[in-house]
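Below, chain A is the first sequence line, B the second, and so on; all start at residue 1. These numbers come from a predicted model, not from an experiment.
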Number of protein chains: 2
Amino acid sequence: MAPQSAPRTARARARDELSREIKDAARRQLAEHGAAGLSLRAVAREMGMVSSAIYRYFPSRDDLLTALIIDSYDALGTAAEQAEAGARRGDFPGRWMAVVRAARRWALARPQEWALIFGSPVPGYQAPSDTVDPAARIPLLVLRICSQATAAGHSPPPGRRPMPRPVRSDMKALGQIVAWQLSEADLARAVLAWTELIGSISFELFGHLHGVVRDYEPYFDYQMRGIGEDLGLVP
Amino acid sequence: MAPQSAPRTARARARDELSREIKDAARRQLAEHGAAGLSLRAVAREMGMVSSAIYRYFPSRDDLLTALIIDSYDALGTAAEQAEAGARRGDFPGRWMAVVRAARRWALARPQEWALIFGSPVPGYQAPSDTVDPAARIPLLVLRICSQATAAGHSPPPGRRPMPRPVRSDMKALGQIVAWQLSEADLARAVLAWTELIGSISFELFGHLHGVVRDYEPYFDYQMRGIGEDLGLVP
DNA sequence: CAACAGTCGAGAGCATTGCTCTTGACAAGA
DNA sequence: TCTTGTCAAGAGCAATGCTCTCGACTGTTG
């Protein structure tokens, strides 16, 4: 939070550099052997250090994992935001498709990192609160696109069925957090779209559609385009 | 496959019984410490055996995991099928909701088993083909409901946008497997619904909607009911 | 310039893991 | 009765995460 007031000493700089190198080595390990196969000793070996030295930088294996999780959320969020920024502002379906395609591309390039953040959580592990801001970047981006689309007069098909009171309450709270005026029904649709996005990519990565969908890219595009329509992004 | 032709000797019966006990103990372990924390030694300890004895029954830890995965798929499929069988045949939205609620209930009662089959796959592990039949039970059930609904004249809203050729090809192949006549667009919607079902439950279990949805049961019901409508189950 | 406090990497060590191999006891079939 | 195959047990191997201690070094203070 508060910036390091003192000028960063050589020691501190070396420490940060080494922390980064450790994370890089760990990420390489992760990509090859998965989260379960991440070994502090192997990381230390790759860096020519002794295993105990790692503990000077990360007090436990889980802390290293947490750092990697935050980095992954941030990298994914950045990828999505950059792709979205490249689309014409008024082209709401295009912005949505840019986000989902960037997410899928990122996932295909780093399946283990994707599994790290969207796969099964490790049982004893409680995600620290530092992770929620990076994790919220994509859903917020989706909400922003929806909000600007409705502001531009692109309204989704009107909600057909009544929304139970607890759901309405949750969506109202969500609407107050993001401040933009979206109806509760539209907010619920957006959350569903986000779930669908993550679910579709995970299904491809985890092989749940093996033998059903052979050519995944057009399938993904087709489904996501339909979801974009359901979101009311297209007039 | 082929039934054991010879009369089951006492030895063979004892062996099967012990295999079952090992799986039960492993399932208890799994529920407590998750898939990563499943230890053959701990299972053996709980059963008063020595660790090496387990290898007489399961040649490796992965084989034990595979057995557990198949059992979990089967248990989940059975739960969904039984719940669906309890609904009125002509009440297609009711049958859909019975399936999704049974799946969610099952998942909430056995989160670790859910994570085992729908969470991140272990990197080196390739699911053997024995798992695909049990895994297909719920999606086939969903397809059957959709098919019977259209046969009863409940047609989903007509597809608006063109389907790319590779997607159409995949869906056509899927339609030939399940033999019932469903349009390619309807098949795609059903696969999407299945993805959405698994994704929604996983999101709840893995905490991705923590702080957004406080009361998950009505939220889940609301979203699933909407998906049921999109599937055209209601006239 | 000298003393001190804090940080660093190295190494030994502990409890644990999956898995292999050998050994001796036991039961089923010839 | 004897042979053959199965069983649990135990020792052992190469790993793992993590802790502790011990010198060496660095940056700051007196």
Practice task
Decide side chain to side chain donor-acceptor pair (under 3.5 Å) for B/D63 and B/T66; before the verdict, give the C-alpha distance in whole Å, the side-chain angles of both, and the deciding distance to 0.1 Å.
Solution key: CA-CA 5 Å; B/D63 287 277; B/T66 297; 5.5 Å; no
Exercise for the section: Round to a whole Å and report the spacing from CZ of B/R13 to P of D/dT6. Expected result: 18 Å
Completion exercise
First and last nt of DNA chain C near chain A, cut-off under 4.0 Å to heavy atoms, 5' to 3', are C/dG6 to C/dG13
Practice task
List the steps, then state whether side-chain contact (heavy atoms from CB on, under 4.5 Å) holds for B/L18 with B/M47.
Solution key: CA-CA 10 Å; B/L18 249 181; B/M47 304 192 52; 3.6 Å; yes
Exercise for the section: Please test A/L38 against A/L68 for side-chain contact (heavy atoms from CB on, under 4.5 Å), starting from the C-alpha separation and ending with a verdict. Expected result: CA-CA 11 Å; A/L38 196 159; A/L68 293 178; 3.7 Å; yes
Practice task
May I ask you to verify whether the side chain of B/S52 and the base of D/dA8 hold a donor-acceptor pair under 3.5 Å?
Solution key: no
Exercise for the section: Give A/S51 one of three labels, base, sugar-phosphate or nothing, depending on what nucleic acid heavy atoms sit under 4.0 Å from its own. Expected result: base
Completion exercise
Atom OH of A/Y55 and atom P of D/dC18 are separated, to the nearest Å, by 4 Å
Exercise for the section: Round to a whole Å and report the spacing from CZ of B/R41 to P of D/dG12. Expected result: 13 Å
Completion exercise
B/R45 atom CZ is separated from D/dG10 atom P, nearest whole Å, by 14 Å
Exercise for the section: Taking only the side-chain heavy atoms of B/R15 (C-beta and beyond), determine which of D/dA9, D/dC7, D/dG17 contains the nearest atom. Expected result: D/dC7
Practice task
Please test B/R104 against B/E204 for side-chain contact (heavy atoms from CB on, under 4.5 Å), starting from the C-alpha separation and ending with a verdict.
Solution key: CA-CA 9 Å; B/R104 175 167 178 267; B/E204 176 180 9; 2.8 Å; yes
Exercise for the section: Using atom CZ of A/F58 as one end and atom C1' of D/dG17 as the other, report the distance to the nearest whole Å. Expected result: 16 Å
Practice task
Assign B/R56 to base, sugar-phosphate, or nothing according to its heavy-atom contacts below 4.0 angstrom with the strands shown.
Solution key: base
Exercise for the section: Please state how far atom CG in B/D16 lies from atom P in D/dT6, giving the value in whole angstrom units. Expected result: 15 Å
Completion exercise
NZ (B/K23) and CG (B/L64) are apart, to the nearest 0.5 Å, by 9.0 Å
Problem - Geometric cation-pi criterion, B/R15 with B/Y57: 6.0 Å, 45° - result: yes
Handout entry: Given DNA chain D, 5'-ward residue of the pair A/S60 and B/G48, judged by closest heavy atom
Key = B/G48
Practice task
For A/L64, report the nucleic acid contact type (base, sugar-phosphate, nothing); a contact means any heavy atom under 4.0 Å.
Solution key: nothing
Practice task
Kindly state whether the ring of B/Y222 and the ring of B/Y219 have centres lying under 6.0 angstrom apart.
Solution key: no
Exercise for the section: Identify whether any heavy atom of A/I54 sits under 4.0 Å from a base atom; if not, whether one sits that close to sugar-phosphate; answer base, sugar-phosphate or nothing. Expected result: nothing
